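Here, residue 1 is the first one in the sequence, and each next residue gets the next number. A quick note: this is a predicted structure, and the numbers were derived from the prediction, not measured.
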Amino acid sequence: TPISMLLAGILLKLGGYGIIRICYPMLPEAGYDLRWFVCGVGVLSMVYGAFAALAQKDFKRLVAYSSVSHMGYVVLGLGVWSLGMWSATAPGSFTYNADYWKMGVNGAMFQMIAHGISSAGMFFCVGVLYDRVHHRNLNEFGGIMARMPVYSGFAIVIFFAGLGLPGLCGFIGEVFVVLSVWKYSQLLAVISAAVVILTAAYILW
């Protein structure tokens with residue numbers, strides 16, 4: 001579990017950091033040309049990870065797939081930097097608007113920080129339960145609140161932070177990413193916003 005916490009809290013963010021600090025500064029034209037591919041990968045990761053998490057009975061695998069889903073917001077936010085917006089004065093032409101780039105990248109960075117906190121916390125919760133009952137089968141857990149009230153309260157806060165509950169760390173990054181996509185592709189924005197419903201489904205379960 002310490003390795004899982006290290007992976008979720010730090011190592012998963014190295015990819016996003018590398019994109020921001022190395023890939024796009026070196027090859028901005030390629031980032032622009034592959035904008036739809038980057039955003040598509042982000043949305044696919046979000047949807048696939050959420051459905052895969054819903055199908056899990058193993059607590060640790062559920063948290064792992066939720067990490068895949070949440071990192072999709074990071075990829076989508078980083079892809080928006082080159083999207084800009086369609087020109088209102090010249091139909092069919094494309095003009096760059098830095099506002100969406102700023103919002104997308106800021107949302108991606110907020111999401112990386114929030115995910116480093118919430119995902120590591122969720123893996124910690126898995127480790128605590130496994131240390132006591134020596135299994136991770138969600139179907140065999142029950143009555144944890146009565147037996148471990150402090151742990152249950154901590155787990156509620158951490159999982160709701162991962163869910164993106166307003167006021168907790170996971171909210172602002174997701175909102176920034178969705179808003180940054182809206183003006184360019186409302187379809188991608190709706191899909192990314194709908195993933196929050198899937199996230200609520202497996203988190204509350």
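- In the hydrophobic clustering, where aliphatic and aromatic side chains (Ile, Leu, Val, Met, Phe, Trp, Tyr) are joined below 4.5 Å either directly or transitively, Ile22 groups with Met26, Leu27.
- Counting only distance, with no hydrogens or angles, the side chain of Ser67 and the backbone of Val63 share a donor-acceptor pair below 3.5 Å.
- His115 places no side-chain N or O within donor-acceptor distance of the main-chain N or O of Gln111, the cut-off being under 3.5 Å.
- Taking 4.5 Å as the limit, every side-chain heavy atom of Lys57 sits out of range of all side-chain heavy atoms of Arg136.
- Among residues two or more places apart in sequence or in another chain, the side-chain contact (heavy atoms from CB on, under 4.5 Å) test is passed with Leu198 by Ala50, Phe51, Leu54.
- Met46 is not connected to Leu44 by any chain of hydrophobic side-chain contacts under 4.5 Å among Ile, Leu, Val, Met, Phe, Trp and Tyr, and they are in different clusters.
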Test log, rule side chain to side chain contact (heavy atoms under 4.5 Å, CB included), inputs Val195 and Val47: CA-CA 6 Å; Val195 170; Val47 175; 3.9 Å; yes

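- For the pair Tyr202/Thr199, a side-chain contact is recorded, criterion being any heavy-atom separation below 4.5 Å from C-beta on.
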Residue pair Leu168, Phe159: steps toward the side chain to side chain contact (heavy atoms under 4.5 Å, CB included) verdict: CA-CA 10 Å; Leu168 298 177; Phe159 274 83; over 6 Å; no

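- In this structure, Tyr65 and Tyr48 have perpendicular ring planes: the angle between them is above 60°, well past the 30° mark.
- If you take SG on Cys169 and CD1 on Ile117, they are separated by 5.0 Å, rounding to the nearest 0.5 Å.
- Cluster membership for Met122 and Leu138, using ILVMFWY side-chain heavy atoms within less than 4.5 angstrom, is shared.
- Heavy-atom minimum distance, His70 versus Glu174: CD2-OE2, 3.5 Å.
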Between Met148 and Leu129, does a side chain to side chain contact (heavy atoms under 4.5 Å, CB included) hold up when you go through it step by step? CA-CA 10 Å; Met148 304 168 66; Leu129 274 185; 4.1 Å; yes

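- The hydrophobic cluster around Phe176 extends to Met103, Phe110, Phe171, Ile172, Val175, Leu179, counting ILVMFWY residues whose side-chain heavy atoms fall within less than 4.5 Å of a member.
- When the side chain to side chain donor-acceptor pair (under 3.5 Å) test is applied to Asn106, no partner is found at least two apart in sequence or on another chain.
- Note on Tyr151 and Ile203: same hydrophobic cluster, where clusters join Ile, Leu, Val, Met, Phe, Trp and Tyr whose side-chain heavy atoms are under 4.5 Å apart, directly or indirectly.
- Under the side-chain contact (heavy atoms from CB on, under 4.5 Å) criterion, Leu11 pairs with Leu7, Leu14, not counting sequence neighbours.
- Under the 3.5 Å distance criterion, the side-chain polar atoms of Ser69 are left unmatched by any main-chain donor or acceptor of Gly49.
- A distance of 10.0 Å separates CG in Leu187 from CH2 in Trp182, rounded to the nearest 0.5 Å.
- Atom CD1 in Ile191 sits 11.5 Å away from atom SG in Cys39 (nearest 0.5 Å).
- Residues Leu62 and Trp205 meet the side-chain proximity criterion, which asks for heavy atoms closer than 4.5 Å.
- Between the side chain of Ser119 and the backbone N or O of Gly116, no donor-acceptor pair lies under 3.5 Å.
- Put simply, Trp36 and Val181 are part of the same group of oily side chains (I, L, V, M, F, W, Y) that touch within less than 4.5 Å, one to the next.
- Under a 3.5 Å cut-off, the side chain of Tyr73 and the backbone N or O of Ser192 do form a donor-acceptor pair.
- Between Tyr130 and Phe59, the ring centre distance reaches or exceeds 6.0 Å.
- The ring pair (Phe, Tyr, Trp, His ring centres under 6.0 Å) test applied to Tyr17 returns no partner, not counting sequence neighbours.
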Full working for side chain to side chain contact (heavy atoms under 4.5 Å, CB included) between Ile156 and Met145: CA-CA 10 Å; Ile156 287 172; Met145 178 68 80; 3.7 Å; yes

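- In the hydrophobic cluster analysis, where Ile, Leu, Val, Met, Phe, Trp and Tyr join through side-chain heavy atoms closer than 4.5 angstrom, Phe160 is grouped together with Val196.
- To the nearest 0.5 angstrom, Leu165 atom CG is 12.5 Å from Ser118 atom OG.
- With a 4.5 Å cut-off on side-chain heavy atoms, Ile20 and Tyr24 do not count as touching.
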